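Keep in mind it's a predicted model, so treat the numbers as computed, not measured.
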Amino acid sequence: MKDKAPGPGAMVTGLAWYRREQWARLREISEDADALEDTYDDWLASATRALRELRRSGVRVRRVDVDVEDLLGWCNERGRAVNGASRANYVAEKMRRKAVQPGERHR
């Protein structure tokens, strides 16, 4: 089956991409650790599969590097627990910041 090519103006979706050496720390600080894979290798297999399936279905998706300590600081500044919703919001904010180049204004 051929991949669907997204149009040039298609929205880009971010996918949180964690670091092997920070996986245990992510599980330690997440209130929903039971919803996360037990091991980094299990998470990596699942994330790689999701990335492939999204792209195959025509979704423009980018891996977004997540530094766990930065995520924790972001959550603390906003008075939020580290959970699936806050991780998704963190990734979305990183995507927005990257999309707005210096000298441009967000519309």
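Partners of T39 under the side chain to side chain donor-acceptor pair (under 3.5 Å) rule, at least two apart in sequence or in another chain, are D42.
The shortest distance between side-chain heavy atoms of L72 and R25 falls below 4.5 Å. Proximity of K94 to V66: side-chain heavy atoms (C-beta onward) are nowhere separated by under 4.5 Å. In this structure the side chain of V68 never reaches within 4.5 angstrom of the side chain of E28, judged on heavy atoms. Using a 4.5 Å heavy-atom threshold, the side chains of V64 and K98 count as separate. Looking only at side-chain heavy atoms (C-beta outward), R87 and C75 stay at 4.5 Å or farther from each other. A 4.5 Å side-chain heavy-atom check between L71 and L26 finds at least one atom pair inside the cut-off. Between N83 and S30, every side-chain heavy-atom pair lies at or beyond the 4.5 Å cut-off. Between V61 and L51 there is a side-chain heavy-atom pair separated by less than 4.5 Å.
Across every non-hydrogen atom of V12 and M95, the tightest pair is CG1-CE, 3.5 Å.
Among pairs with a residue in residues 73-93, those fulfilling ring-ring contact (aromatic ring centres under 6.0 Å, His included) read W74-Y90, at least two apart in sequence or across chains. Residue pairs that meet the ring-ring contact (aromatic ring centres under 6.0 Å, His included) test with at least one member in residues 36-66, sequence neighbours left out, are W17-W43, Y18-W43, W23-W43, Y40-W43.
Judged purely by atom type and a 3.5 angstrom limit, R62 has no side-chain atom pairing as donor or acceptor with the backbone of L15. Listed for the D32 side chain is a donor-acceptor partner under 3.5 Å among the backbone atoms of G84. For D67 (side chain) and D70 (main-chain N/O), a donor-acceptor pair under 3.5 Å exists by modelled atom type. Remark: the backbone N or O of A81 is not paired with any side-chain donor or acceptor of E31 at under 3.5 angstrom.
For the atom pair CZ of R20 and CG of L44, the computed distance is 6.5 Å after rounding to the nearest 0.5 Å. Note that CD of E53 and CZ of R49 are 7.0 Å apart. Values are rounded to the nearest 0.5 Å.
Inspection of the S86 and R78 side chains reveals no N or O donor paired with an N or O acceptor under 3.5 Å. Defined by atom type and a distance below 3.5 Å, a donor-acceptor pair is present between the side-chain atoms of N89 and R80.
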Would R27 and E37 count as a side chain to side chain contact (heavy atoms under 4.5 Å, CB included) here? Give the steps.
CA-CA 9 Å; R27 288 185 46 82; E37 287 81 355; over 6 Å; no
